[in-house]
Amino acid sequence: MQKIAMDRISEFFSAIAAERALYLPLKKKGAVNFGKWEEGADVDLDALHTVKSPKGLFFPQSEDLVSFKMQGKEISIDAPDAPDEKFAVFGVRACDARGMDILDRVFLSDPVDTYYAARRENGIVVTLSCSAPEETCFCSVFGIDPARPGGDVSAWIAGGFLYVKALTEKGEALLSGLSLLEAADEAEIGPAVEQVKAVMEKLPLKDLDLTGIDGSATEKLFASEKWAELSRACLGCGTCTYVCPTCQCYDIRDFDTGKEIRRYRCWDSCMYSDFTRMAHGNPRKSQVERFRQRFMHKLVYFPANNDGMYSCVGCGRCVAKCPISMNIVKVAKALGAEAKE
Ligand code: SF4
Ligand code: SF4
């Protein structure tokens, strides 16, 4: 383990940014989101959650895939090179780091998504321990420890220092190039880790019970009459999917620029009425069907097909952001009761 005084953290960021792009939580117009670091940037390491998770650095909200040009009867195809920016992302919380594991299951399975794979290869994830988890957090329900956040390098802020520890070869390579770090004893972060544990014990959602929500009662849960009541007020706004670190649905569209046809992909939401619309129409015609799909996928289908891994990390963003205060916690409670009946 190594450390650097917090009053020298700009030097630390500058040293990383000298070798590769550095993304970290930045405050802009009152909102905190991951952005590219530059000298004088308004870095916010106190905000627990960025509005959007860091998944956009690996799976951008919108990206060009290929373009086509017509010249007479000739069609030329221009496919961009694989993303090659070398970068580090600093300040990823434990829940969002687990979110990357879930995205890996989707995008790195056969057939591999080469755009995502290139960014995973080129990116180094530096996580940051939470110091004060919020009431909406329930990461521990999924076995996540916010004080041991994982990634390629884990970082902690304690006693006026930033502590860092490499967990992978990529992480070691990053830290070995930073001569401004000094050696530290792991015991120095002990009080900070204990403080997080104490806060976690007091969180209201820490005892969310997922017993019975495991893929063994899929048909029963699918047919539950509770979906109608749960989804009644859903606006289909898609906010819950856009802020979620594990949602991975996207659409592919063609755009005529006047000079070429540009094919791009962009995030989409299973909560939208035109999601996966085909020539014959939308397979999920009502909001209750779309609502059920989102939560069945996260809590039932995904774990059933991924060794029990839920497609939720308990970050609490949807709990905080849904305009009608509907969220996965309320759904899990209702489904749990249904599974036990
Ligand atoms: S559950 Fe809430 S955030 Fe999600 S689509 Fe419905 S109203 Fe919007
Ligand atoms: S479903 Fe909600 S709590 Fe779970 S990971 Fe997504 S935004 Fe976070």
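What's counted below: heavy atoms across the whole structure, side chains too, no hydrogens, waters or symmetry copies. All values reported here derive from a predicted model rather than from experimental measurement. Ligands are counted one by one from 1 in listed order, and the atoms in each one are counted from 1 as well.
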Subject >> From Q248, R119, R265, R120, residue fulfilling side chain to side chain donor-acceptor pair (under 3.5 Å) relative to D113 >> reply: R265
Subject >> Six-ring centre of Y272, R290 cation under 6.0 angstrom, axis tolerance 45° >> reply: no
Original post:
Measuring to atom 6 (Fe) of ligand 1, does C237 have an N/O/S atom at a distance below 2.8 Å?
Top reply: no
Subject >> Closest protein heavy atom (residue, atom, distance) for atom 4 (Fe) of ligand 2 >> reply: C312 SG, 2.3 Å
Original post:
Any idea which part of K321 is under 4.0 Å from ligand 2, heavy-atom wise: side chain, backbone, both or neither?
Top reply: neither
Original post:
What protein heavy atom is closest to atom 3 (S) of ligand 2, reported as residue, atom name and distance in Å?
Top reply: G316 N, 3.3 Å
Original post:
Y242 side chain to W267 main-chain N or O, any donor-acceptor pair under 3.5 Å?
Top reply: yes
Original post:
Nearest protein heavy atom to atom 7 (S) of ligand 1, by residue and atom, and its distance?
Top reply: L235 N, 3.3 Å
Subject >> Protein contact of atom 5 (S) of ligand 2 - nearest heavy atom, named by residue and atom, plus distance >> reply: V313 N, 3.3 Å
Subject >> Nearest protein heavy atom with distance in Å, relative to atom 2 (Fe) of ligand 1 >> reply: C322 SG, 2.3 Å
Original post:
Can you tell me if an N/O/S atom from C318 lies under 2.8 Å from atom 2 (Fe) of ligand 2?
Top reply: yes
Original post:
What atoms of ligand 2 come closer than 4.0 angstrom to any heavy atom of K298?
Top reply: 1 (S)
**OP:** Could you tell me whether E194 and K197 have a side-chain N and a carboxylate O separated by less than 4.0 Å?
**Re:** yes
Subject >> Non-hydrogen side-chain atoms of D104 and F58 separated by less than 4.5 Å >> reply: no
Original post:
Nearest to atom 8 (Fe) of ligand 2, what protein heavy atom do you find, and at what distance?
Top reply: C315 SG, 2.3 Å
**OP:** Using a strict cut-off of 4.0 Å, indicate which atoms of ligand 1 neighbour a heavy atom of T239.
**Re:** 3 (S)
Original post:
Got the closest protein heavy atom to atom 6 (Fe) of ligand 2, with its distance?
Top reply: C244 SG, 2.4 Å
Original post:
If you count the atoms of ligand 1 from 1 in the order shown, which ones are under 4.0 Å from a heavy atom of G236?
Top reply: 5 (S), 6 (Fe)
Original post:
Taking C-beta and beyond as the side chain, do E85 and N122 meet within less than 4.5 Å on heavy atoms?
Top reply: no
**OP:** Measure from the side-chain N and O atoms of E188 to the backbone N and O of D185, and report whether any donor-acceptor pair falls under 3.5 Å.
**Re:** yes
Original post:
When P245 is tested against each of H49, R317, K52 for side-chain contact (heavy atoms from CB on, under 4.5 Å), which residue passes?
Top reply: R317
Original post:
Parallel, tilted or perpendicular for F12 and F90, by the 30°/60° rule?
Top reply: perpendicular
Original post:
With atoms numbered from 1 as shown, which atoms in ligand 2 lie under 4.0 angstrom from a non-hydrogen atom of R294?
Top reply: 1 (S)
Original post:
Hey, is the main chain of E338 close enough, under 3.5 Å, to the side chain of K220 for a donor-acceptor pair?
Top reply: yes
Original post:
Can you list the atoms of ligand 2 that are under 4.0 Å from a heavy atom of F138?
Top reply: 3 (S)
